[in-house]
Protein chains: 2
Amino acid sequence: MTDKKKNILAVALELFANDGFNGTSTSKIAKEAGVSEGLIFRHFENKNGLLHAIVQQAVERIHILIEPILIENEPKEVVRKSIELPFVVPQHEYPFWKLQFKLKWENDYAGDKMQPFIEKLTWAFAKLGYEQAQEEAEVLNHIIDSISAGILREGRQSQENLKEFLFYKYDK
Amino acid sequence: MTDKKKNILAVALELFANDGFNGTSTSKIAKEAGVSEGLIFRHFENKNGLLHAIVQQAVERIHILIEPILIENEPKEVVRKSIELPFVVPQHEYPFWKLQFKLKWENDYAGDKMQPFIEKLTWAFAKLGYEQAQEEAEVLNHIIDSISAGILREGRQSQENLKEFLFYKYDK
DNA sequence: TAACTTAGCGAGTGATCACTCACTTTCATG
DNA sequence: CATGAAAGTGAGTGATCACTCGCTAAGTTA
């Protein structure tokens with residue numbers, strides 16, 4: 001992977017996350033990345049291919065984030081780490097995740113990459129003696145989803161108070 | 001309000017919700033609405049004005065939805081109706097709300113129109129003796145937010161099981 | 001070093017974009 | 001019925017869009 005190709009990917013990610021896919025022109029990407037416009041199409045065939053290359057990383061990035069939860073075998077720790085999930089995302093990855101959350105609203109979006117996570121949560125709640133582990137897991141997943149969105153839009157600090165509250169609430 | 005103007009608004013709403021603002025051309029709106037393209041600009045000045053006219057309705061529509069909750073003075077009923085909120089949205093309004101959820105990710109989005117709702121929820125939880133009413137309200141609001149998104153993307157039935165579960169969970 | 005592949009450039013291309021404008025039709029009111 | 005305003009048209013407009021192509025520069029391998 002050449003430097004220029006990396007530049008294109010990084011700039012495109014930033015612009016797609018901020019201005020949307022249709023709101024970002026290939027000429028603007030080229031200009032900000034310091035490359036010729038033609039190079040984008042040499043490397044990625046077309047604009048959709050560029051988006052695809054970016055989205056490709058989603059699966060691995062999600063896996064990196066949730067792997068510590070998946071291999072955890074202490075139920076209480078599973079719940080605790082799940083609550084912590086939105087807060088451990090590195091700040092420099094925010095544009096990437098912002099784009100992912102945006103893409104959820106595109107018609108041809110694949111989802112749901114969080115399924116293994118939900119299953120692990122269900123397992124944890126069952127172990128902890130919750131009566132409806134499945135629903136409990138889905139609800140906590142909703143909370144995590146919406147908190148993540150809040151963080152990506154308004155910053156980590158806007159949701160910080162909820163972290164401690166959820167620790168307390170799910171620890172009883 | 002003339003019929004053609006209504007047509008433009010209805011078609012634009014549908015297309016904006018499905019294909020996004022930048023993904024929808026004024027010529028396509030005109031064609032599907034059965035009007036000349038020039039009429040759009042006579043009525044709404046420019047494409048942004050058209051979007052603005054649609055978004056304008058958001059405040060009133062939100063108010064219609066949450067008013068029954070705001071005037072309720074039985075705390076338990078406030079919580080119950082809040083949980084029910086995502087499920088009482090009329091199906092024909094889905095495109096409208098889908099667009100609203102999409103617009104949350106635009107940079108110049110105003111939000112947060114749900115503040116009075118959160119305050120009422122906080123009041124209800126306080127009345128019910130919850131120790132941290134504020135956080136409790138914020139968490140339930142997150143749940144409702146994410147469930148709503150799930151309904152708009154995958155249909156009401158995909159979240160139906162959570163409704164009863166939440167009734168049960170918040171009734172104890 | 002010769003031959004070949006990949007990286008990179010930048011001036012095009014037709015299509016489509018949001019928007020304008022001169023014009024006609026419809027409609028309300030005295 | 002006359003008149004003026006509002007509604008509606010559709011052929012333009014320049015700008016910008018995603019994308020192409022002929023070319024050169026840089027690396028790689030025999």
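Reminder, nothing fancy here: chain letters follow the sequence lines and each chain counts from 1. Computed from a predicted structure; not experimentally measured.
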Check the pair B:Ser146, A:Asp145 against side chain to side chain donor-acceptor pair (under 3.5 Å), reporting the backbone distance first and the verdict last.
CA-CA 7 Å; B:Ser146 186; A:Asp145 177 71; 3.1 Å; yes
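The backbone N or O of B:Glu74 lies less than 3.5 Å from a partner atom in the side chain of B:Glu72, making a donor-acceptor pair. The backbone N or O of B:Pro86 lies less than 3.5 Å from no partner atom in the side chain of B:Ser148, so there is not a single donor-acceptor pair.
The cationic atom of B:Arg156 (NZ for Lys, CZ for Arg) does not lie both less than 6.0 Å from the six-membered ring centre of B:Phe87 and within 45° of the ring axis.
Near DNA chain C, meaning a heavy atom under 4.0 Å away, the residues from residues 40-55 of chain B are B:Phe41, B:Arg42, B:Asn46, B:Lys47. Less than 4.0 Å separates DNA chain C from at least one heavy atom of each of the following residues of residues 14-31 of chain B: B:Thr24, B:Ser25, B:Thr26, B:Ser27.
Scanning for ring pair (Phe, Tyr, Trp, His ring centres under 6.0 Å) contacts around A:Phe16 gives A:Phe21, with sequence neighbours left out.
Taking atom CD1 on A:Ile8 and atom C1' on C:dC9, their separation rounds to 12 Å, with Å as the unit. Between the CG atom of A:Leu39 and the P atom of D:dT24 there is a distance of 18 Å, given to the nearest Å. In this structure, the CE atom of A:Met1 is 15 Å from the C1' atom of C:dT6, given to the nearest Å.
A salt bridge does not link A:Glu37 to A:Lys31: none of the charged nitrogens lies less than 4.0 Å from a carboxylate oxygen.
When each of B:Ile143, B:Ile118, B:Leu121 is paired with B:Ser82, the side chain to side chain contact (heavy atoms under 4.5 Å, CB included) condition holds for B:Leu121 and for no other.
Of the candidates C:dC9, C:dA18, D:dG8, C:dC9 carries the atom nearest the A:Lys4 side chain, counting heavy atoms from C-beta on.
Annotation: A:Lys127, atom NZ; neighbour count of heavy atoms from other residues, nucleotides and ligands within 6.0 Å does not exceed 12.
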